[in-house]
Structures are given as structure tokens and as C-alpha cells.
Amino acid sequence: MAEPTFRAPKGTRDILAPDSTRLRALVDEFALQASQSGFGEIISPIFEDLGVFKRLGESTDVVTKEMFDFFDKGDPPQQLALRPELTASICRAYAEHRPTPPWKVWYEGPQFRYEQPQAGRYRQFTQVGVEVLGTDDPQADIDVIVLGARFFESLGLRQVELALNSLGSPGDLGSRQAYEQALIEHLEQNRSNLSSQALVTLERNPLRVLDSKREQDSSVIAQAPAMVDFLDDESAAHFAAVRAGLDAVGITYEISPRLVRGLDYYTRTTFEFASASLPGAQNAVGGGGRYDGLVEDLGGPATPGIGFALGVDRILLACDSEGVFASPRSAVDAFVVDVTGGTEALKVCDLLRRAGIAADRSYGGRSMKAQMKVADRSGASFAVIIGEDEVAAGEVTLRDMGDGSQRRVAQSLLARELTEKRTR
Ligand code: HAM
């Protein structure tokens, strides 16, 4: 085959059927579970004012290196960016519309990050997620985490592990500062054992050193002080309530004191779902936490919030590796084979589709044999065969593709017959 002139841009993919059918089924399942938990869907713009995303943290890679930003054609031009995630957009929407709290929304859609592409890491990827704005009740944290954990279970995934941490409250600046001080001291004392990359991160954002996946940094990180030991009474009580709630419904988790997330807005509860069936660097299938200062940062009223986003592309890779959540069967019910020119196939397909029966046909006036081959390949349960004889009698020949049996049926009764067969 000749080399194509154009390919999908680096880090993006065309997702064709049946993979696209499977992705759609996964999103539909999430939508169902989120709406069963009282969340309404929010559909927000794919691009926003760049300023909305700057609030993710001036020292995060997502903001400094990975933003797809551009100027529009306005006068003066506005600087916009393709969204790298949805939490900031949703806080912007909350500040703009002031819905009655608690505001529970779910979402799905593409996100964009200019990352180095590799398996499970793309420049355009799909997330599903939820956010609850307007309550700091730990029950909301629990509800959100349970929804995520039960969703993974419902797909059949057994190797997804939940890591949990607390970063303290924004009002609790004292203990956060005390913790950062202790962490910096620890890292400075162990400079000689850290990778050169970790030393650069230490200058910019000491907390993020804990996120290093480099072998060389692992022992220094393992001995680092833990934020949970620095929490004030209120944050400690909040964290205890979250753990008790998860225990009450039997969700297992590991306290991971060094869990820091790649975005800067988190306060108190943070968590990550990782799949043990995926390679280390790309094993996070979802993550989230509290961001009690973000709405205010975006010009809205002081509003607590909690949520998560799950990476659909990675979840599907995890499903592949655990051998679960197969592609749903997407074949049509009936394939219409018309050897009289094609207009009969047009009429019968129209009739069947209007009756809710999935029907397809071939094009190009091909021979009976060629059309039967396509019918076979389509996976349809029935072929509806139409020749001159059938047309003259106002009938069709209905062929069961499973056992090869066939018989004549009046055209006027075909839709009813196929509906009955489908429900049987
Ligand atoms: P995040 O951890 O940046 O959090 O992304 C959530 C998930 O999206 C990751 O765990 C991963 O599965 C997937 N993901 C991220 N980047 C990529 C990529 N380049 N390619 C494929 N999958 C990727 C957030 O986005 C926060 N907004 C989550 C949140 C919601 N926090 C509070 N509410």
C-alpha cells in the first residue's frame, strides 16, 4: 500500500469500530452509573480562556509544557487553550452560573495534553468524570470514591488498586508550610542520592519530587516525611471520616502518604486508581480529590469541591490485559439482499429501520452470491432475499443465517416477524 499523504497528528488516533463501539459502551455504562448516583451531565466547551487553566498551577507540567494554546482572530485576540482536563472548566461554569449547591455533574469527552506519546499516553485522550461542588462533607468524598471503585468493578476489573492521601486544608496553611519545610529539609539532606531531574523539580515544586517514578529517587522518597502526620485536627477528622466510610462499604484502599497528584489545586482528600495489570509509568486509570479553593481562584464564591476523572483509553487497555469488557456485538439484525436493482432493498430497509430493526444492504447491484457473502460477513441473524418472484408475490425470502433454513414471508408481515424473533 502507498504511504498515505497525511496521518493523524502525533499522539492522536483514529478509533474505528469495533474499538469505538466498546469505548461508547464504556462511556454509556459510566453515564448510567453516574446518573443513578444523582449526577447530571455537563457539556462544556472544548476550549477555554487560557487563564482558566493557569489556575491548575504555574509550576505543573500541564500548564508550563503541555498546553495546546492559541490566539483567536478577535481584535484584540484572545488567548485560548484546548482543555487539558475538565475540573477547572467546571469550576469556571459554577462561578458563571451559580447553580444551587450541592451541584453534582458528570462528564465525558476529549482532553488535550502536549505530552511525549507512548502506550497509554496520548495528546488527545478521553476522560469520564464527576464533580460535586458546594459541600465539604466527607460523605461526598466517599460517595465519589465509591462510584469510581464500583465502576471499575462493574467492568469486571479486579486489579485496580485505590491509593488514598490527605493534603490538609487550604485554611490549614500552617501545617502545609510546616510539612513543606520538613520535606525540603529531607530532600536537601539527601541531594546526593536524588536524580538530576528530581533536583530540578526540587527547585520548582518540592512536593512533586514525591511523584518521581525514577528508581534512583525511590529510597529518598520512601523515607520522606508524610503530610498525614502534619494535618490539623479538622483535616485529620475529615480524613478519618473518609476512611471510615470506605470501610463501611467494604472498599479496600491503601493509605499512600506520598501520593501527590500532577495538578496543584488539591486540598485534603486525594486519591488515585492504578491498575496492577498496566506498566508502571502509565498505570493510573483515574484520580481525583478535593479542590476547596479552585472556584474562588476563578472569581467565584468560596466553594468546596471534590471529584475525579478516569482515563477511558487506559481503562480499555487494562480491560484488554485482564481479558474483560469485550466489545459488544454490533451486527445488524437483518441484511437485505436485493437482486432486482436495489430499490426493493431501499424500501425494505426503510420499513425495518422505522420499526426499530437494524438493517443493512449492499450497493452496486452485485450478484446474489456476492451479496450473500456480504450478508454473511455482516454478522446479521437474518438475510431478507428479494428477487423478481418475491416482488411479484409481495413477499420476501427470510433466511435464518444460523441454520440456513428459509421460507417466504409477506412483506407486510416482515417487520412484525423479525421483531418477534428478536425478542424470543
Ligand atoms: P489526572 O490525574 O491528570 O486528573 O487525569 C485523570 C486520568 O486521566 C489519569 O489517571 C489517566 O488515566 C488519564 N490521563 C491523563 N493524561 C493522559 C494521557 N496523556 N493519555 C491518556 N490518559 C491520560 C485530572 O484530570 C483531574 N481533572 C481529576 C479530577 C477531577 N480531580 C478532581 N476532579
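First listed ligand is number 1; within each ligand, the first listed atom is number 1.
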Donor-acceptor pair, side chain of T21 and main chain of A17, under 3.5 angstrom: no
Set of residues that line ligand 1, where lining means a heavy atom lies under 4.0 Å from it: E85, T87, Y107, R113, E115, G120, R121, Y122, F125, Q127, E131, R261, L263, Y265, Y266, A284, V285, G286, G287, G288, G289, Y291, G307, F308, A309, G311, R314
Audit row: R22, D320, salt bridge (Lys or Arg N to Asp or Glu O under 4.0 Å) steps and yes/no: CA-CA 11 Å; R22 189 179 185 216; D320 286 341; 2.8 Å; yes
Ring pair (Phe, Tyr, Trp, His ring centres under 6.0 Å) involving W106 - partner list, sequence neighbours excluded: none
Distance-only polar pair, side chains of Q33 and E29, donor-acceptor under 3.5 Å: yes
pair L259-L164: side-chain heavy atoms closer than 4.5 Å: no
Main-chain N/O of G109 paired to Q111 side chain as donor or acceptor, under 3.5 Å: yes
